[in-house]
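The figures here come from the full heavy-atom set of this structure, side chains too, leaving out hydrogens, waters and symmetry mates.
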Amino acid sequence: MENPVIFARRFANLVWLVIHESGNVDEQKGVLRALASQAKEGAFHIGLHTAGLSANDQIVPAAFTGVADLVSRMMQHGLVLISTDVNAKAADLLAVARLLASQSATDDFGANIEMQRVAAGASTVHFATKPRIMASPPRTTPRETTSISLPDLDFGEVYDDPLAEAMARATPRQTAAIRAPAHSHDSGGLFAQFAASSAPTEPYPELLAKLDAASDVGTIDRLLEGLGLLADRAAAEGRVIEATDIICAIVKREQVAEHEAKRAIAMS
């Protein structure tokens, strides 16, 4: 697959052209043709990252034309991830670029732009939206304060979940059940099955590097469990971009893994 950073750079450039040079149709067509051609090589996942933008877990340099605009518009519309199918349609890519170029008056957690995407028929490009953070009701005990908690987190309100296809393809394996703790810190998030495990001491980039090097299923399962716990904790603490990074990385590795490793990663 051609470098995902190139795809993200081209898409950001298309958004920039729609925003700043809407009359430059010839250049828009040129960028769109390049995007459609590269889309034949595989699926791409463009997400918000602590450093700005990532593409299939690779950092996209902020110096590229349009990257700052794309980051700004994704945040404005409440999006954390844009995923494209293999052979994504040029018409869908252009429709989504135009939606992102439009201004959003309110922070509606991606509801409006998702509705517009569906209405436009852009079925080969998908969104993951910012999760809604809901405040719990105030307690009657004077010394206790109102807490902030996430609802059951299926990665926010995810439309056209990019993990769904991978999970549907996964062959279930019999594994020992993980007993949940008596008091969980969250309300059952995407990786709630890992809640009973102890937190890894290593940062997630190191765990991902070890996952790339691992060959036996036992080690892969252990590393995935640690990554799942880190993603769950990041989501519960409101560090949504970090959770997005981990999820995008797992999706990418499932696409290139083989045999038992592929099934283990797809199940995660």
Side-chain angles (χ1 to χ4, degrees), residues 1-49 51-130 158-162 241 244 248 251-252 255:
M1 183 189 297
E2 191 175 350
N3 191 339
V5 172
I6 297 176
F7 185 88
R9 185 199 68 187
R10 287 170 174 161
F11 185 74
N13 190 26
L14 179 61
V15 172
W16 186 91
L17 286 168
V18 174
I19 294 173
H20 301 287
E21 297 187 8
S22 58
N24 193 347
V25 177
D26 289 339
E27 190 165 354
Q28 290 179 34
K29 286 181 178 179
V31 175
L32 197 56
R33 279 193 293 268
L35 281 168
S37 177
Q38 191 175 354
K40 297 176 182 178
E41 301 176 10
F44 295 94
H45 311 286
I46 302 172
L48 294 184
H49 185 276
L53 203 68
S54 66
N56 292 32
D57 86 352
Q58 298 181 33
I59 302 299
V60 181
F64 287 147
T65 301
V67 169
D69 287 292
L70 181 54
V71 170
S72 174
R73 294 307 170 97
M74 287 179 68
M75 294 176 65
Q76 185 181 120
H77 286 283
L79 300 181
V80 293
L81 184 69
I82 301 171
S83 293
T84 65
D85 293 343
V86 181
N87 286 318
K89 299 177 182 177
D92 292 354
L93 292 166
L94 180 58
V96 168
R98 287 173 172 169
L99 292 177
L100 287 164
S102 65
Q103 295 284 350
S104 178
T106 59
D107 186 0
D108 60 359
F109 299 92
N112 185 53
I113 195 171
E114 168 61 14
M115 182 173 61
Q116 293 183 65
R117 182 193 68 81
V118 173
S123 59
T124 60
V125 183
H126 316 285
F127 296 150
T129 63
K130 183 173 67 175
V158 177
Y159 303 97
D160 299 319
D161 186 354
I241 293 177
T244 304
C248 287
V251 170
K252 178 186 176 183
Q255 293 172 341

Q.
Is there a side-chain contact between L99 and R117 in this structure, where contact means two heavy atoms from C-beta onward sitting under 4.5 Å apart?
A. yes
Q | Expected output: side-chain D92 to main-chain S123 donor-acceptor under 3.5 Å | A | yes
**Q.** Close side-chain approach of L53 and H49, heavy atoms under 4.5 Å
**A.** no
(Q) Test side chain to side chain contact (heavy atoms under 4.5 Å, CB included) on H126 and D85; report intermediate values, then the result. (A) CA-CA 8 Å; H126 316 285; D85 293 343; 2.9 Å; yes
Q) Yes or no on side chain to side chain contact (heavy atoms under 4.5 Å, CB included) for I82 and M74, after CA distance, side-chain angles and deciding distance? A) CA-CA 9 Å; I82 301 171; M74 287 179 68; 3.9 Å; yes
(Q) Would the distance check show the side chain of R73 and the main-chain N or O of A101 forming a donor-acceptor pair, the cut-off being under 3.5 Å? (A) yes
Q | Whether T124 side chain and K89 backbone form a donor-acceptor pair below 3.5 Å | A | yes
Q | Minimum side-chain heavy-atom gap E41-F7 below 4.5 Å | A | no
Q.
Closer than 3.5 angstrom, by distance alone: can the side chain of Q28 be matched with the main-chain N or O of E21 as a donor-acceptor pair?
A. yes
Q | Side-chain heavy atoms of I6 within contact of Q38, under 4.5 Å | A | yes
Q: Evaluate side chain to side chain donor-acceptor pair (under 3.5 Å) for H45 paired with S83, printing each intermediate quantity in order.
A: CA-CA 4 Å; H45 311 286; S83 293; 2.8 Å; yes
Q | Heavy-atom side-chain contact between F64 and V5 under 4.5 Å | A | yes
**Q.** Side chain proximity check, L70 to L100, heavy atoms < 4.5 angstrom
**A.** yes
Q: Find out whether F11 and V96 are in side-chain contact, i.e. whether some heavy atom of one side chain is under 4.5 Å from a heavy atom of the other.
A: yes
Q.
Any side-chain to backbone donor/acceptor pair from E27 onto L17? Under 3.5 Å, distance only.
A. no
Q: Give the intermediate values and the outcome of side chain to side chain contact (heavy atoms under 4.5 Å, CB included) for residues V71 and L48.
A: CA-CA 7 Å; V71 170; L48 294 184; 4.1 Å; yes
**Q.** Check: F44 and V125 side chains under 4.5 Å, non-hydrogen atoms
**A.** no
Q: For the pair W16 and H20, name the ring-plane relationship: parallel under 30°, tilted 30 to 60°, perpendicular over 60°.
A: tilted
